[in-house]
Amino acid sequence: MKTIGIIGAMREEITPLLDFFKEYNEIQIGGNIFYVTTYKNYNIVIAYSKIGKIHASLTCSTMGLHFNADYIIFTGVAGGLSNDLKVGDIVLASSLCQYDVDISAFGHPLGFIPESKLYIDTDSNLNEIAKRAANKQNIELKYGIIASGDSFISDKDKKQWIIDNFKACAVEMEGASIAVVSSLLNIPFCIIRAISDSADDNADVSFDEFLEDSAKKSASFIISILDEME
Ligand code: 3QA
């Protein structure tokens, strides 16, 4: 039986999934609780990492190296950067980058780490499944670059800087960790995020208001993806 690892950053981002699956075993590793259950012909392992790239890297590594996940799916919320994204819209990441990496002093492009890549692509098969699931429900998916970094962006100048330098449509704090770890471990992965705010001067207020709703939207879309997997 294949194993699907589903990761959120905050507890709120996985609560709707735990409510959906209802029964699971709990395994504690590295400060995370992994909720283990089954769905259709899959083992499902769910965890929230805690906020930020370092936490998400550990959780994703544990999913791969301990639970032998065959697929990794991230679910959660994000700040919208594109003008055409509004609260509640769902983004499917085409690729991920780390906007807070800077070794440009040595002539490298912003976000680039030697022996790695500036943009790490998500898995095309999982993305096709996500697009099919969206079509069936008339959900309009936004497909684009997501930029990750260890800051909550709530400033229009920082927001514009990320857009200008990375061509990203959304910003969050974990996606690139999932991309780095999953790609190094050869695990196909995809990143789903529902918009909670616009990363502008009102982002904190919007985030508090819409975290729960948008987290639910992302989580229920994850269920549609699982239903679309054979
Ligand atoms: C923000 C969460 C972190 O896991 C990244 C939400 C939504 N809007 C964003 C934005 N900039 C960056 N990331 C995001 N997630 C943690 S701060 C709030 C913590 O409150 C995505 C995201 N504009 C905890 C209660 O004190």
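Both ligands and their constituent atoms are indexed starting at 1 by order of listing. Please read all numbers here as calculations on a predicted model, not as lab measurements.
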Hey, can you tell me if Phe34 and Phe67 have their rings parallel, tilted or perpendicular (30° and 60° cut-offs)?
tilted
With Ser224, which residues qualify under side-chain hydrogen bond (donor to acceptor under 3.5 Å, both in side chains), at least two apart?
Gln137
Residues, nucleotides or ligands: over 12 heavy atoms within 6.0 Å of Asp19 CG
yes
Indicate yes or no: does Glu172 engage Arg193 in a salt bridge with an N to O separation below 4.0 Å.
yes
Heavy atoms of other groups near Glu12 CD, more than 12 under 6.0 Å:
yes
Would you say the ring centers of Phe21 and Tyr35 fall short of 6.0 Å from each other?
no
Lining ligand 1 at under 4.0 Å, by non-hydrogen atom distance, are residues Ala9, Met10, Ile51, Val77, Ala78, Gly79, Ser151, Phe152, Ile153, Val171, Glu172, Met173, Glu174, Arg193, Ser196, Asp197, Ala199, Phe207
